[in-house]
Amino acid sequence: QVQLVESGGGLVQAGGSLTLSCVSSRLTFSSDGMGWFRQAPGKEREFVASINFSGSTRYYEDSVKGRFTISRDNPKHTVNLQMNNLETRDTAVYFCAARTSRKVSDDDNAYDSWGLGTQVTVSS
């Protein structure tokens, strides 16, 4: 059973913006650490951003700092990734992930639930 469902991907020109959303059906969502990862064709999955259970701590991969913002709405069981000033190198399938720990993490092995992903394509 898929507990995380992503949406919001699409095709956008370089310099544009997209907002990805992830809805969680996990009963533990309000105490889960959450993350976004991405995988480009022919490359390994990589960390993008993470947020702790309350939203008070956020952690970003260096290349997205200042361009991407992760946020969460616990009553709505949703975590979002606002992506601004998109670059062609941001093209990838983006995955939402959840971990039972309340803390942030950039290690994909620390997450125990994953969504199926949403495609983001940035054209030049």
Side-chain angles (χ1 to χ4, degrees):
Q1 181 181 358
V2 178
Q3 296 179 307
L4 304 173
V5 179
E6 303 96 335
S7 63
L11 174 64
V12 64
Q13 286 190 325
S17 299
L18 280 175
T19 299
L20 305 183
S21 293
C22 171
V23 177
S24 171
S25 60
R26 288 165 57 101
L27 297 178
T28 57
F29 178 78
S30 62
S31 60
D32 287 343
M34 299 295 295
W36 284 96
F37 290 77
R38 65 187 179 187
Q39 187 167 21
K43 295 188 177 181
E44 293 187 354
R45 186 167 59 191
E46 66 175 5
F47 169 74
V48 176
S50 180
I51 190 167
N52 74 336
F53 76 106
S54 66
S56 62
T57 302
R58 307 176 190 192
Y59 181 48
Y60 297 95
E61 191 271 329
D62 285 347
S63 72
V64 308
K65 284 180 181 177
R67 301 189 298 123
F68 291 11
T69 302
I70 188 171
S71 62
R72 67 188 297 157
D73 185 333
N74 282 350
K76 294 184 178 179
H77 275 221
T78 300
V79 61
N80 294 322
L81 185 68
Q82 172 70 42
M83 305 185 295
N84 297 327
N85 194 21
L86 282 160
E87 303 172 359
T88 55
R89 60 175 174 164
D90 296 318
T91 294
V93 177
Y94 283 70
F95 298 92
C96 175
R99 61 194 298 249
T100 53
S101 169
R102 297 186 174 204
K103 298 178 180 180
V104 298
S105 177
D106 62 357
D107 181 359
D108 59 355
N109 291 314
Y111 292 83
D112 48 71
S113 290
W114 292 83
L116 298 180
T118 185
Q119 176 70 47
V120 172
T121 303
V122 184
S123 64
S124 58

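Throughout, residue positions are numbered sequentially from 1 according to the sequence presented.
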Crowding at NZ, K43 (>12 non-hydrogen neighbours, <6.0 Å): no
State the CZ-OG distance between R102 and S54, to the nearest 0.5 angstrom.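 That separation rounds to 9.0 Å.
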Rounded to the nearest 0.5 Å, what separates atom CD1 in I51 from atom OG in S56?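 With rounding to 0.5 Å, CD1 (I51) is 8.0 Å from OG (S56).
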Checking the side chain of [X] only, and the main-chain atoms of [Y] only, is there a donor and an acceptor separated by less than 3.5 Å?
X	Y	result
E6	L116	yes
R72	S30	no
D106	G35	no
N52	T57	yes

For the residue pair [X] and [Y], what are the closest heavy atoms and their distance?
X	Y	result
D112	T100	OD2-N, 3.3 Å
I70	V79	CG1-CG2, 3.9 Å
D32	A98	OD2-CB, 4.1 Å
M34	C96	CE-SG, 3.6 Å
S105	S50	N-OG, 3.1 Å
Y60	T69	OH-CA, 3.3 Å

CA sep, side-chain torsions, deciding dist, call: R89, V122, side chain to side chain contact (heavy atoms under 4.5 Å, CB included): CA-CA 8 Å; R89 60 175 174 164; V122 184; over 6 Å; no
State, yes or no, whether a side-chain contact exists between Q119 and V93 at a heavy-atom distance under 4.5 Å.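 With C-beta onward as the side chain, the pair touches.
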Do V120 and R38 touch side chain to side chain, with heavy atoms closer than 4.5 Å?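 Answer no - side chains too far apart.
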For L11, the other hydrophobic cluster members (4.5 Å side-chain criterion, sorted by chain and number) are none
For residues 21-48, which residue pairs qualify under ring-ring contact (aromatic ring centres under 6.0 Å, His included), counting only residues two or more places apart or in two chains?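 Output for this query lists F29-H77, F37-F47, F37-Y111, F37-W114, F47-Y59.
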Distance-only donor-acceptor pairs under 3.5 Å for side chains of residues 13-24, two or more places apart:
from : atom 1 : to  : atom 2 : distance (Å)
S17  : OG     : N84 : OD1    : 3.0
T19  : OG1    : Q82 : OE1    : 2.4
S21  : OG     : N80 : OD1    : 2.7
S24  : OG     : R26 : N      : 3.1

Just do the side chain to side chain contact (heavy atoms under 4.5 Å, CB included) check on M83 and V12 with the steps written out, would you? CA-CA 11 Å; M83 305 185 295; V12 64; over 6 Å; no
Hydrophobic cluster membership, with links at side-chain heavy-atom distances under 4.5 Å among I/L/V/M/F/W/Y: are L81 and F95 in one?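 No, L81 does not connect to F95 through the hydrophobic network.
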